[in-house]
Structure formats: structure tokens, C-alpha cells
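Counting starts at 1 for both ligands and their atoms, following the listed order. This structure is a prediction, so every number in the text was calculated from the model and none was measured. Every heavy atom of this structure was used, including side-chain atoms; hydrogens, water molecules and symmetry mates were not.
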Amino acid sequence: MHDWQALIRKRDFPMIENAQCRGKTVVYLDNAATTQASRPVIWTMENYYMRQHANVHRGVYCMSEEATAAMEETRQLVAEFIGAASPDEVVFTSGTTQSINFLAEAFAASVLKPGDLVLATEMEHNSNLLPWLSACSRSGAELALVPVTADGELDLEELGRLLEKKPKLLAVCAVSNVLGTVNPLREIAEMAHAAGAAVAVDAAQAMRHGLPGVCSLGCDFLSFSAHKIMGPTGSGILYGKREWLERLAPPHTGGGMVSSMQWPEINYEDIPLKFEAGTPNLAGIAGFGAAIEYIQALGRERISEYEVSLIKYAEKRLSGIPGIQILGSPAQRFGALSFTVPPLQAYDVALMLSAEGFALRSGRHCANLLHEKMGVSASVRLSPAFYNTKNEIELLAAALERLLAAAKKAGVPVGGVKNG
Ligand code: PLP
């Protein structure tokens, strides 16, 4: 274990260091689902409720002014974190899912016409698929999918062919939440823009990876959730290029986004407030800011380098265990690795590992299409973060070896069978 890691486990993530469940030490390896909040995040949220709690943008009294200033500070932090040209391009939401639904609804209302085309990919989380399906069905547009290769990469040749049909938008994840595939976003954005398509990036799994800034990446929209970067649940953002946000009508309306009204004529606030109807999740936004400061202080380069080394180690170790089949073999993996142990059910494997203290996800991880494409009905997913260690991966590998040996002894034909 690195010195910095021993320190942060003890000081900042007591849950990772000390959690026990049914008498076993918990090894938490479900970070693609949610990461543990760091202590500074928890303190910041507590401090918000103890000292600052008041509604924003409305009061002229001190606490409201402070709460407004704190929220706008976080907006500035997010803008710097993602490399946006201005904090006005950052809209607070409850998380990636709401950001994408918001964007898809706005596109359906302001951009898409019958006969238009939208592209998504077979690799997407349902949160980056279903909102577009719904937007297309509402507007009469068509949704087409960029295929995934057997290795678990996006088929860029096929993307090129689909782009010839001049889609209005391409929705694509930066990192797959199942395979960990890191998509070549710059190249993809260049291809899409050359064809006149806007690019919306689902960066839910990518923000610890040190994605290039949105300006240099050239994407038009980007969404992510605070709880994937050691922040609180219920807080996230939608980034949109200024020209886009100014053009799109707000899909949600209500208090806090009206600048003037001469009934029934309504003028909205400028961006980003025109997209933030209602009272925002102020404690969540405060915690979001603390999470960004925490990640920045640790350094995304260091985090990324270390997490990539963990995933590589896991891939090497698990692929050496006869009977384990790892899904895909993308050139670059980050954050997640999924596998099957045929003919055992993924659910049963995760349950047996859970009895030994391992917190892993089983199922389709909200990526039904991708599982179908990879020819499996479900998988077990391991997703380490920077507070995990090689030793924890080693403990998991040893537990899997024990599980396979026990299955063999019981007459289950594990090893050497095809995925199913
Ligand atoms: N997109 C991807 C790639 C994800 O991994 C997830 C969550 O796991 C989401 C979207 C949805 O994020 P949230 O549940 O925070 O809205």
C-alpha cells in the first residue's frame, strides 16, 4: 500500500478501512455504482446544515447570500474541473440520469423533428439510452445504435457510416460502466462534428480518470454525478456549450427561473438559472464542491494512474483463473471489469462472495443491450477506486479460486465452458 493511501483510508474513508458485515471485514469493490463519500464531504454538508442552510438567489439576508455564494463557488469549481469556458455553462441537477433526461427532453422540444436521426451506442448505460428513445418517440425522430465489437470497443467504421446519415446528436459514454472501455472521445467528437452532429458525453464513470477538458474535448454536452467522485448522492451537473444552452428551451419550469412576467408572457433568467427551476439540492451541491476539491488535491493524474494499475492487475490475475471469463478486451480499461463464471449464475457468485465480505455488483449493471451483445445474460462486476489496494484484489482472486474449487468438488462443471 502507498503511504498516501494508508493515510487517506484511515483519515478520510473510515468506511473503507473499518466496515464489517456479519463478522467479516468488508472489501468494497462497487465503486462504479457509488463511491464512498470522503470525510471532508461529510463535514462540509454538516457545516452547511449547521451554519448556512437557507434558500438561494431569493433572500437579501446574510444566510441566503452566503448559501448563494457557496453554490456559485461550487459552480465555478465544477467549471474549472471540467474545463468549461464559463460557470454559466454548468447546470446543477440531481445526477447524470436527470442531466441526460433534461437534455433529451430539451432536444425533443427545441431541436428534433420527425425524420431526424439521433445516435447512441450499444455500450450505453440505460440512463444514456432510454431518455433518447423517449425523446425520439416524442419528436418522431429515429434512434440508431453504434455497434460494439467483440473486444468491447465502439465500432468506429460503423460510426462513420451512421454519421453519413447526418444525425442531429451522438450520445456516447466516456467510459463503459461494464467493460471499463475508455472511448476515444476526441476522435469521436471530431467525426461527429464533421458530420454536423452535436456530441453529448455521459461522463459518469470518467471523472476520476482525468478526462480532457470539455473545451479541448470539443463536446457540446457532458453529464456526471457527484457520488462517483466521493461526493454525495442526489447532486450532479449538465454541462452545455453556451450557444446550445441559450438555444434550448428549459424542459422544467417553476420558481427561481423567471426574470419577468406579464401574464401569460414569461421571460426566463439567463443561463444557467433558466434551467434550475425550484430549490436546488444545496447541501448536495456543497458536498459536491468539497468532493471536487478533494479529488483535485489528490490529483487526477495520480488517481488515474493508480486505478489503471489496479484494474490491470485484476484483469491479469482473474484471467489466469481457469473458469473465469472476462467480458471484452478493450485497449484501455478504467474503473470496471466484468466477468462470468459459467455455468454459475452471476447473482450466486456475487452472493457467495458477499458472504466472505466482498461488495461486488451482479446483474446487467443497467446495460442490458451490452450484455446481450457480449452474449451473456448477466455478469459480476468489480470496480475498484483509489482507496482500494492490490491486496484486496488478491483476496478477491483467492476467494474466487476457493469458490471454483468448491463448485468443482460439488460436481459443477466450472472451467472450460462457454459463456452463457
Ligand atoms: N451513466 C453511466 C455510464 C453510469 O455508470 C451511471 C451510473 O452507474 C449513470 C449513467 C447513472 O448515474 P446516476 O445514477 O448517478 O444518475
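For atom 4 (C) of ligand 1, the closest non-hydrogen atom on the protein side is His125 CD2, 3.3 Å. Distance from atom 7 (C) of ligand 1 to its nearest protein heavy atom, with residue and atom name: Lys228 NZ, 2.7 Å. Ranking the protein heavy atoms by distance from atom 11 (C) of ligand 1 puts Thr97 OG1, 3.4 Å first. Regarding atom 1 (N) of ligand 1, its nearest protein heavy-atom neighbour is Asp202 OD2, 2.5 Å. The single protein non-hydrogen atom nearest to atom 12 (O) of ligand 1 is Thr96 CB, 3.6 Å, given as residue, atom name and distance. The protein heavy-atom contact nearest to atom 5 (O) of ligand 1 is Gln205 NE2, 2.6 Å.
Residue Ala33 places every heavy atom at 4.0 Å or more from ligand 1. Not a single heavy atom of Asn128 lies less than 4.0 angstrom from ligand 1. Proximity of His365 to ligand 1 is not established, as no heavy-atom distance is less than 4.0 Å.
Both the sub-6.0 Å distance and the 45° axial angle are not jointly satisfied by Arg208 relative to the ring of Phe334.
Checking Asp220, Asp88, Asp270 one by one against Arg242, the salt bridge (charged side-chain N to carboxylate O under 4.0 Å, His left out) holds for a single residue, Asp88. The salt bridge (charged side-chain N to carboxylate O under 4.0 Å, His left out) test with Arg75 singles out one residue from Glu89, Glu80, Glu276, and that residue is Glu276.
By the 4.0 Å N-to-carboxylate-O rule, Glu356 lies close enough to Arg402 to be salt-bridged with it. Lys390 and Glu394 are not joined by a salt bridge, as no carboxylate oxygen comes within less than 4.0 angstrom of a charged side-chain nitrogen.
Looking at Ser127 next to ligand 1, no N or O pair under 3.5 Å apart turns up. Taking any N or O of Ser225, backbone or side chain, at least one lies under 3.5 Å from an N or O belonging to ligand 1.
Looking at Thr35 and Phe13, their side chains never come closer than 4.5 Å, going by heavy atoms from C-beta outward.
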Can you check salt bridge (charged side-chain N to carboxylate O under 4.0 Å, His left out) on Glu190 and Arg186, steps first, answer last? CA-CA 6 Å; Glu190 263 175 40; Arg186 264 212 190 100; over 6 Å; no

Could you walk me through whether Asp116 and Lys166 pass salt bridge (charged side-chain N to carboxylate O under 4.0 Å, His left out), step by step? CA-CA 9 Å; Asp116 279 349; Lys166 302 285 173 210; over 6 Å; no

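Counting heavy atoms closer than 4.0 Å to ligand 1, residue His227 contributes side-chain atoms (C-beta onward) but none from N, CA, C or O. Only the backbone of Ala32 comes within 4.0 Å of ligand 1, judged by heavy-atom distances.
At most 12 non-hydrogen atoms from other residues, nucleotides or ligands lie less than 6.0 angstrom from CD of Glu157.
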